[in-house]
Amino acid sequence: MSLLSKKIRDGRFLELIRRFLKAGYFEFKQVHNSLSGTPQGGIISPILANIYLHEFDKYMDGLAKVYSKGEKKRINSIYCGLLCKRYRLKKQGKIKEANRLLKQMQTLHAADPMDKNFIRVRYVRFADDFLVCIIGSKALALEIKVKIACFLEQNLGLELSQEKTAVTHLSKNRVRFLGYDLTKVRCDTKLIEDTRGCIRRSINGNIALLVPGQIIRDKSKPFRRGRNPYPFVARNNYPVLDIVSMYNAEIRGLYNYYRLAVDVGKKLSEFKYYHYYSMLKTIARKEKSSLTKVHKKYNVEVRRKSGTGTRWIIGVRYETKAGWKTMTYFNDSLKRVDVPLRNVSEFLVPVFSGGQLLKRINACSCELCGAVGSSFEVHHIRKLKDIVQKYRKHGRTLPDWVVVMSRIRRKTLVVCHSCHVSIHNGKL
């Protein structure tokens, strides 16, 4: 509250936030008092946490400036000596010996990795997860870790989780941050020729983002049994168009999140295999047919996103106001992209107007009384089974709207305004 009062002068607004923090929470219909912190899942908890940790951000920016020094690393004397020797051999025409020296140079660092006069500290935070990247010694990293723990405890009253906080050398181990694995790349065989005609190693020392293998295996579990694709049984009652749309949303969301990883194509190709054939088996199970018949019925010829030619893929035609369109399974290439999504519209899949609910709404007819008009509402329930058991438990006759929902096996009902009011008043 003291941090908020630095920028906010409205006492009524501050009092509202104070009451929010002290309001407590419900759990299994019991009220629990707020002991400390912001309520988990509260609507303003994320922004309050960011405001609180802004003090930590400022401290880390100052810490980075204090420790960072030097303009560039000292040249490795051994590497420099071999470079001069190779230059003389090339000048004398001894190309084979010069190439042998080049291979030896490619196993060494061009600059001194342990230069004490070159230090860099970089900090990044997302919610309560943060990462501190250091070019320097392990002793320096441990010193910074101790200072961070002291600041959080003394200034913010927070405790640094010792289980989740570790000092790691990126060249030897990976670091998990926001679902990505971070590592430091080293490959002496990947060479590039610069503008001066000098051949140098192109990727050594770069930070690479990787897709964690465990996450892909966990994501694949609902769609496989052992090494074989398996149908998603819970989706059997959905229309085929909705099934394809659900599978599309899953793989598109996974790719859009991990599109920055260097191995996104390799890792997601494995997921895509189980995911695609799980969709086929789900459709086959719904229609009680074979995979061959599903292929014949729903196969669509589309152009390849990368390269030339066409390929066959599962797709469903649906009707819109502009005419008939086709929704196919995810057909984009799984390649790495340097720039993350910045516009929300890039991520969103175009909404199709062929869904069963939209067709029922566009019919402009009440599904209870049959009234025709231009304005209708949708009645929602959480679980159809619970509603049916509620009436049967007390020996009551099922209302017409429950009977209709049970017949069409849907948790939504398109009704006119008067029928909707009667449903909620229990007078239908």
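Values in this document were obtained by computation on a predicted structure and should not be read as measured data.
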**Asked** Does Glu159 CD have over 12 foreign heavy atoms under 6.0 Å away?
**Response** no
**Asked** Do Glu287 and Tyr298 have side-chain N/O donor and acceptor atoms under 3.5 Å apart?
**Response** yes
**Message:** Can you confirm whether more than 12 heavy atoms, excluding those of Tyr276, are under 6.0 Å from its OH atom?
**Reply:** yes
**Asked** To the nearest 0.5 Å, how far apart are OG in Ser45 and OH in Tyr52?
**Response** 14.0 Å
**Prompt:** Angle class for the His275/Phe271 ring planes (parallel below 30°, perpendicular above 60°, tilted otherwise)?
**Reply:** parallel
**Request:** Please assess Lys335 against Val264 for the test side-chain contact (heavy atoms from CB on, under 4.5 Å), listing each intermediate value before the final yes or no.
**Result:** CA-CA 7 Å; Lys335 61 181 181 180; Val264 62; 6.0 Å; no
**Any donor-acceptor pair under 3.5 Å from Arg122 side chain to Ala64 backbone** = no
**Prompt:** Does some side-chain heavy atom of Glu143 sit less than 4.5 Å from a side-chain heavy atom of Tyr67?
**Reply:** yes
**Asked** Between Arg304 and Asn331, do the side chains contain an N or O donor and an N or O acceptor separated by less than 3.5 Å?
**Response** no
**Message:** Working to the nearest 0.5 angstrom, can you tell me the gap between Ile119 CD1 and Ile135 CD1?
**Reply:** 10.0 Å
**Request:** With the side chain counted from C-beta on, respond yes when Thr328 and Val316 share a heavy-atom pair under 4.5 Å apart, and no when they do not.
**Result:** no
**Request:** Work out which heavy atom in Arg382 is nearest to a heavy atom in Lys411; give both atom names and the distance.
**Result:** O-CD, 3.2 Å
**Asked** Atom CG in Leu334, atom OH in Tyr255: separation rounded to 0.5 Å?
**Response** 6.5 Å
**Prompt:** Nearest 0.5 Å, what's the CE-CG distance between Met246 and Leu241?
**Reply:** 10.0 Å
**Message:** Under 6.0 Å between ring centres: does that hold for Tyr180 and Tyr258?
**Reply:** yes
**Message:** Heavy-atom count check: over 12 atoms from other residues, nucleotides or ligands less than 6.0 Å from Lys325 NZ?
**Reply:** no
**Message:** For Ser161 versus Thr165, what's the shortest heavy-atom pair and its separation?
**Reply:** O-OG1, 2.5 Å
**Asked** For atom CD of Glu15, is the number of surrounding heavy atoms from other residues, nucleotides or ligands below 6.0 Å larger than 12?
**Response** yes
**Request:** Show your working on side-chain contact (heavy atoms from CB on, under 4.5 Å) between Asn236 and Ile243 and close with a plain yes or no.
**Result:** CA-CA 8 Å; Asn236 281 355; Ile243 292 174; over 6 Å; no
**Request:** Taking the six-membered ring for Trp and the single ring otherwise, decide whether the centroids of Phe130 and Phe56 are under 6.0 Å apart.
**Result:** yes
**Request:** Could you walk me through whether Leu14 and Leu4 pass the side-chain contact (heavy atoms from CB on, under 4.5 Å) test, one step at a time?
**Result:** CA-CA 8 Å; Leu14 292 174; Leu4 291 174; 3.8 Å; yes
**Nearest non-hydrogen partners of Val415 and Cys419, listed with the distance** = CB-CB, 4.1 Å
**Message:** Donor-acceptor pair, distance only, cut-off 3.5 Å: does the side chain of Glu367 make one with the backbone of Val414?
**Reply:** yes
**Asked** Listed by chain and number, what are the side chain to side chain contact (heavy atoms under 4.5 Å, CB included) partners of Lys293, not counting sequence neighbours?
**Response** Ser289, Ser290
**Message:** In the structure I gave you, are the side-chain heavy atoms of Val300 and Trp312 within less than 4.5 Å of one another anywhere?
**Reply:** no
**Item:** Verdict with supporting geometry, Met327 and Arg317, side-chain contact (heavy atoms from CB on, under 4.5 Å)
**Value:** CA-CA 6 Å; Met327 172 183 284; Arg317 296 194 68 195; over 6 Å; no
**Message:** Are the side chains of Trp401 and Leu413 in contact, using a 4.5 Å heavy-atom criterion?
**Reply:** yes
**Message:** Tell me which one of Val124, Leu53, Ile148 satisfies side chain to side chain contact (heavy atoms under 4.5 Å, CB included) with Met60.
**Reply:** Ile148
**Qualifying salt bridge (charged side-chain N to carboxylate O under 4.0 Å, His left out) pairs with a residue from residues 265-285, counting only residues at least two apart or across chains** = Asp263-Lys267
**Message:** Using the ring centroid of each side chain, check whether Phe151 and Tyr59 are separated by less than 6.0 Å.
**Reply:** yes
**Fill in**
Note: Ile313 and Phe330 closest approach over all heavy atoms is CD1-O, 3.9 Å
**Request:** Keeping the roles fixed (side chain from Ser278, backbone from Tyr230), state whether a donor-acceptor pair exists under 3.5 Å.
**Result:** yes
**Item:** For the student: nearest non-hydrogen atoms of Gln30 and His32, plus distance
**Value:** O-CD2, 3.3 Å
**Fill in**
dist Ile51:CD1 -> Ile8:CD1 (nearest 0.5 Å) comes out at 6.0 Å
**Ile283 CD1 to Leu291 CG distance, which is reported to the nearest 0.5 Å** = 10.0 Å
**Prompt:** Do side-chain atoms of Arg125 reach the backbone of His54 as a donor and acceptor pair under 3.5 angstrom?
**Reply:** no
**Request:** Please check if the side chain of Asp129 supplies one atom and the backbone of Leu178 the other of a donor-acceptor pair under 3.5 Å.
**Result:** no
**Prompt:** What class does the angle between the rings of Phe232 and Tyr247 fall in, given that below 30° is parallel, 30 to 60° is tilted and above 60° is perpendicular?
**Reply:** perpendicular
**Message:** If we ignore hydrogens and angles and just use 3.5 Å, is the side chain of Lys286 paired with the main-chain N or O of Tyr238 as donor and acceptor?
**Reply:** yes
**Nearest atoms (heavy-atom pairs only) where Leu160 meets Ala149** = CD2-CB, 4.0 Å
**Asked** How about Arg252 and Asp332: do any of their side-chain heavy atoms sit closer than 4.5 Å?
**Response** yes
**Message:** For the backbone of Pro222 and the side chain of Tyr274, can you confirm whether one donor and one acceptor N or O come within less than 3.5 Å of each other?
**Reply:** no
**Message:** Measuring only between side-chain heavy atoms, which start at C-beta, is Asp181 closer than 4.5 Å to Val211?
**Reply:** no
**Asked** Should Pro212 and Leu210 count as side-chain neighbours, where that means a heavy-atom distance under 4.5 Å?
**Response** no
**Asked** Is the His417 to Phe376 ring centre distance short of 6.0 Å?
**Response** no
**Message:** Under a 3.5 Å distance rule, please check whether Ser245 uses its side chain to pair with a backbone N or O of Asp242 as donor and acceptor.
**Reply:** no
**Prompt:** Within a reach of under 6.0 Å around CZ of Phe177, are more than 12 heavy atoms found that belong to other residues, nucleotides or ligands?
**Reply:** yes
**Asked** Are the side chain of Arg9 and the backbone N or O of Ser5 linked by a donor-acceptor pair below 3.5 Å?
**Response** yes
**Prompt:** Do Arg18 and Met1 come close enough that some side-chain heavy atom pair is under 4.5 Å?
**Reply:** yes
**Item:** Charged N-O contact under 4.0 Å between Arg235 and Glu250
**Value:** yes
